[in-house]
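Structure first, commentary second.
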Amino acid sequence: MSEEEPDRRKRLDLDPDTVERDLVKLVLTVVELLRQLMERQALRRVDEGDLSEEQEERIGLTLMLLDDRMTELRDRYGLRPEDLNLDLGPLGPLLPRE
């Protein structure tokens with residue numbers, strides 16, 4: 001092996017055309033995970049009667065707006081909802097399948 005070969009393996013081969021899309025995909029995946037967790041928490045609190053009607057309405061509206069923005073960003077970058085579900089190998093998918 002020449003001295004250059006190990007250096008080549010250490011370098012990342014990044015395509016400038018896909019870097020932005022891949023970064024957006026990663027960020028949207030994290031946001032989607034958090035959105036689902038917040039939604040489950042909100043539903044649990046509603047079921048337990050921990051929230052006033054005003055709080056329920058505000059949380060519902062916030063989650064709907066977040067979902068709308070997520071849809072806009074996915075559309076802008078040509079991503080489908082299932083593209084945000086990372087495969088964790090033996091652990092299965094990151095997000096529950098709906």
Side-chain angles (χ1 to χ4, degrees):
M1 274 189 218
S2 71
E3 289 182 30
E4 290 182 28
E5 286 184 50
D7 289 337
R8 262 191 244 143
R9 284 182 279 176
K10 290 180 185 177
R11 277 190 245 147
L12 292 174
D13 189 21
L14 299 174
D15 180 359
D17 296 331
T18 63
V19 169
E20 182 178 10
R21 183 178 185 270
D22 292 343
L23 180 59
V24 167
K25 180 179 175 180
L26 178 61
V27 169
L28 289 179
T29 298
V30 171
V31 171
E32 178 61 16
L33 176 62
L34 293 173
R35 187 196 68 75
Q36 287 185 18
L37 292 172
M38 289 186 319
E39 188 175 87
R40 280 190 225 122
Q41 177 72 6
L43 289 173
R44 184 189 61 76
R45 291 186 67 193
V46 166
D47 289 344
E48 292 177 358
D50 289 349
L51 302 173
S52 69
E53 279 188 40
E54 182 183 315
Q55 289 172 318
E56 287 179 24
E57 191 172 315
R58 193 173 46 211
I59 289 171
L61 181 60
T62 300
L63 290 172
M64 285 188 330
L65 289 172
L66 179 56
D67 188 55
D68 288 346
R69 298 302 182 267
M70 293 280 295
T71 299
E72 289 173 16
L73 287 168
R74 280 195 321 265
D75 290 348
R76 182 182 305 165
Y77 288 93
L79 297 167
R80 300 167 299 162
E82 54 269 18
D83 292 334
L84 305 183
N85 200 356
L86 300 177
D87 180 7
L88 301 176
L91 297 175
L94 176 66
L95 304 170
R97 299 199 175 148
E98 297 184 41

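- We find the CG-CD distance between Leu43 and Glu56 to be 10.0 Å, quoted to the nearest 0.5 Å.
- Met64 contributes atom CE, which lies 13.0 Å from atom CD1 of Ile59 (distance to the nearest 0.5 angstrom).
- Checking each of Asp22, Leu28, Val27 against Val24 for a side-chain contact (heavy atoms from CB on, under 4.5 Å) leaves exactly one that passes, namely Leu28.
- The 12-atom threshold is exceeded at CD of Glu82, counting heavy atoms of other residues, nucleotides or ligands nearer than 6.0 Å.
- Listed here is the closest heavy atom pair of Leu63 and Ala42: CD1-CB, 4.4 Å.
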For this session: For side chain to side chain contact (heavy atoms under 4.5 Å, CB included), just list the numbers for Leu84 and Arg74, CA-CA rounded to whole Å, side-chain angles, deciding distance to a tenth of an Å, and then say yes or no.
Result: CA-CA 9 Å; Leu84 305 183; Arg74 280 195 321 265; 3.8 Å; yes
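- For the pair Leu79/Arg21, a side-chain contact is recorded, criterion being any heavy-atom separation below 4.5 Å from C-beta on.
- In the displayed structure, Glu48 atom CD is contacted under 6.0 Å by more than 12 heavy atoms of other residues, nucleotides or ligands.
- Between Glu39 and Arg35, at least one side-chain N (NZ, or NE/NH1/NH2) sits under 4.0 Å from a carboxylate O, which counts as a salt bridge.
- Interatomic distance, CG of Asp67 versus OG1 of Thr62, reported as 12.5 Å (0.5 Å rounding).
- In this structure, Glu20 CD and Thr18 OG1 are separated by 10.5 Å, a value rounded to the nearest 0.5 Å.
- To the nearest 0.5 Å, the span separating CG on Asp50 from CD on Gln41 amounts to 9.0 Å.
- In the hydrophobic clustering of this structure, Met70 does not group with Leu26; members are Ile, Leu, Val, Met, Phe, Trp, Tyr whose side-chain heavy atoms approach within less than 4.5 Å, directly or through other members.
- Between Asp83 and Arg80 there is a salt bridge, with a side-chain nitrogen of the basic residue lying less than 4.0 Å from a carboxylate oxygen of the acidic one.
- Within the 4.5 Å cutoff, the side chain of Leu66 has heavy atoms near those of the Met38 side chain.
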